[in-house]
Amino acid sequence: LLVGTNPRWEAPLVNARLRKSWLSNMDLKIGLIGEAQSLTYEADHLGTDMSVLEDLVAGKGDFATHFAKAERPAIIVGMGVLTRPDAKAVLALLAKLSAKAGVIVEGWNGYNVLHTAAARVGGLDLGFLPGAGGKGTTEILAAAESGEIDVVFNLGADELDNAKLQNAFVIYQGHHGDAGARYADIILPSAAYTEQNGLYVNLEGRVQMAMRAYFPFGDAREDWAILRALSGKMGKALPYDDQFTLRTELFKAHPDLASIDTLPETTSLDLASLGASGQIDTSPLRAPIEDYYTTNPIARASKTMAECSATLVSDAALAAE
């Protein structure tokens with residue numbers, strides 16, 4: 001069951017695995033709640049709003065019957081769900097469906113969240129979440145727009161409505177001069193991922209090591225070096241002066257990140273912790289990505305990607321109209 005996601009655009013490799021499974025098992029049933037998409041395999045479009053999910057929980061419809069009988073049922077939840085105002089209520093419904101259909105049982109966890117931002121999985125592993133009294137992204141944008149927050153440090157976050165930061169003093173650390181830099185008061189030029197060594201956690205939680213292909217251009221510096229220099233200027237020097245020391249401290253605090261290229265063990269999930277009861281919004285689910293070819297600063301700076309977008313995305317929109 002795909003809910004609020006278009007894996008063909010959001011995670012092409014995941015979509016390829018789904019297609020491979022479908023080709024090897026023609027009895028595989030795939031249901032989609034959200035915008036109708038061409039996924040390269042057959043999928044039952046169940047509808048666009050959350051009333052469909054309520055019907056599935058109630059056991060209504062052919063797909064509900066197939067899902068209840070599945071030996072290993074799986075749900076993929078997309079950002080189209082998690083960015084909605086009623087996200088917690090939708091997750092609570094998905095928890096009910098998961099419990100009813102046996103999505104999470106001994107030896108099987110079929111509940112998946114499809115993140116669309118690089119490093120989000122790693123950030124969650126590190127606990128990069130609002131602390132007590134802290135604010136989430138939407139709340140930060142609202143507070144900056146109202147004047148409640150007067151300084152924002154933007155660490156390469158370009159996929160936001162950065163126009164809402166105009167009333168705040170914005171320090172932007174990033175590359176390619178994208179949307180975040182447009183509204184910045186101070187720009188700290190950082191290296192692109194191809195210009196610095198790093199550890200990246202992929203969608204399935206596997207830690208991967210990357211080596212830089214070239215040194216940063218101009219005044220750009222590696223991200224860790226910028227933050228270390230800035231902390232020194234502020235009189236709160238971070239306890240490392242090189243990447244080796246930084247990585248050593250990282251592994252001490254988070255030993256799992258030292259297991260390079262190792263798939264983490266599957267853990268159980270407490271369904272009761274998912275979401276909270278509330279009012280479901282009747283508005284249709286929207287895909288989080290409108291243009292596959294312009295999903296990040298590097299792609300938006302690419303002439304080739306711009307041509308792909310103009311040719312394929314625009315033509316598809318005209319054909320739909």
Side-chain angles (χ1 to χ4, degrees), residues 1-11 14-15 17-19 21-22 25-37 39 41-116 120-121 124 203-205 264-289:
L1 177 64
L2 309 176
V3 187
T5 181
N6 175 6
R8 187 179 182 185
W9 277 18
E10 297 167 38
V14 172
N15 199 65
R17 291 187 182 186
L18 290 173
R19 175 176 167 79
S21 296
W22 176 75
N25 178 13
M26 299 302 286
D27 291 328
L28 177 64
K29 301 294 184 182
I30 300 175
L32 170 64
I33 302 177
E35 293 181 89
Q37 308 286 349
L39 298 172
Y41 44 82
E42 288 185 8
D44 296 330
H45 184 229
L46 306 177
T48 59
D49 61 71
M50 287 297 94
S51 64
V52 178
L53 185 56
E54 293 176 320
D55 289 342
L56 288 179
V57 173
K60 298 178 181 178
D62 292 340
F63 188 82
T65 303
H66 289 299
F67 200 69
K69 294 180 179 179
E71 182 180 351
R72 291 186 176 181
I75 296 175
I76 299 180
V77 185
M79 288 295 113
V81 169
L82 300 183
T83 54
R84 288 168 59 95
D86 63 346
K88 291 183 178 180
V90 176
L91 290 177
L93 272 179
L94 288 169
K96 290 180 181 179
L97 179 61
S98 298
K100 186 175 181 179
V103 172
I104 301 175
V105 293
E106 182 68 29
W108 172 251
N109 185 342
Y111 192 92
N112 307 274
V113 176
L114 186 56
H115 295 284
T116 53
R120 182 173 287 151
V121 174
L124 292 172
L203 188 64
E204 60 181 352
E265 293 184 8
T266 301
T267 57
S268 61
L269 175 66
D270 179 13
L271 288 173
S273 67
L274 288 177
S277 59
Q279 186 66 36
I280 295 294
D281 191 339
T282 57
S283 62
L285 276 168
R286 300 293 185 189
I289 295 177

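Along the sequence shown, the residues carry numbers beginning at 1.
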Evaluate Leu203 against Val14 for side-chain contact (heavy atoms from CB on, under 4.5 Å), listing each step before the verdict. CA-CA 9 Å; Leu203 188 64; Val14 172; 3.7 Å; yes
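- In this structure, Ile104 and Tyr111 approach most closely via the heavy-atom pair CD1-CB, 3.9 Å.
- For the pair Leu82/Val113, a side-chain contact is recorded, criterion being any heavy-atom separation below 4.5 Å from C-beta on.
- Applying the salt bridge (charged side-chain N to carboxylate O under 4.0 Å, His left out) rule to Glu204 yields the partners Arg206; only residues at least two apart in sequence or on another chain are considered.
- Looking only at side-chain heavy atoms (C-beta outward), Ile33 and His45 stay at 4.5 Å or farther from each other.
- For the atom pair Met79 CE and His115 NE2, the distance stands at 5.0 Å (nearest 0.5 Å).
- Ala74 and Trp108 get closest at one heavy-atom pair: CB-CZ2, 4.3 Å.
- Partners of Thr83 by side-chain hydrogen bond (donor to acceptor under 3.5 Å, both in side chains), not counting sequence neighbours: none found.
- A distance of 10.5 Å separates CD1 in Ile30 from CZ in Arg19, rounded to the nearest 0.5 Å.
- Residues Phe67 and Leu56 are not in side-chain contact: their nearest non-hydrogen atoms beyond the backbone lie 4.5 Å or more apart.
- For Pro7, the side chain to side chain contact (heavy atoms under 4.5 Å, CB included) partners two or more places apart in sequence, or in a different chain, are Leu2, Thr5, Asn15, Leu18, Leu39, Tyr41, Leu114.
- Side-chain atoms of Asp281 do not come within 3.5 Å of backbone N or O of Asp86 as any donor-acceptor pair.
- Rounding to the nearest 0.5 Å gives a distance of 12.0 Å between NZ of Lys88 and CG of Leu274.
- Rounding to the nearest 0.5 Å gives a distance of 8.5 Å between CD of Gln37 and CD of Glu10.
- Between Val3 and the options Val52, Leu285, Ile76, a side-chain contact (heavy atoms from CB on, under 4.5 Å) holds for only Leu285.
- The CG atom of Leu32 sits 13.5 Å away from the CD atom of Glu42 when rounded to the nearest 0.5 Å.
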Does Val90 form a side-chain contact (heavy atoms from CB on, under 4.5 Å) with Leu94? I'd like the steps, not just the answer. CA-CA 6 Å; Val90 176; Leu94 288 169; 4.3 Å; yes
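- Scanning both residues, Ala101 and Pro73, for their nearest heavy atoms gives O-CG, 3.4 Å.
- Here the NZ atom belonging to Lys96 is positioned 10.0 Å from the CG atom belonging to Leu53, to the nearest 0.5 angstrom.
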Let me see the working for Ser283 and Arg84 under side-chain contact (heavy atoms from CB on, under 4.5 Å), right down to the final yes or no. CA-CA 10 Å; Ser283 62; Arg84 288 168 59 95; 3.6 Å; yes
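- Closest heavy-atom contact between Ala64 and Gly59: CB-C, 3.7 Å.
- Every residue meeting the side chain to side chain contact (heavy atoms under 4.5 Å, CB included) condition with Asp44, not counting sequence neighbours, appears here in chain and number order: Leu46, Phe63.
- Of all heavy-atom pairs between Ile280 and Ala89, the closest is CD1-CB, 3.5 Å.
- The nearest pair of heavy atoms linking Pro288 to Gly4 is CD-O, 4.2 Å.
- Looking at residues two or more places apart in sequence or on another chain, you find a side chain to side chain contact (heavy atoms under 4.5 Å, CB included) between Arg286 and Glu35, Pro284.
- Checked against side-chain hydrogen bond (donor to acceptor under 3.5 Å, both in side chains), Asp49 has the following partners two or more places apart in sequence or in another chain: Ser51.
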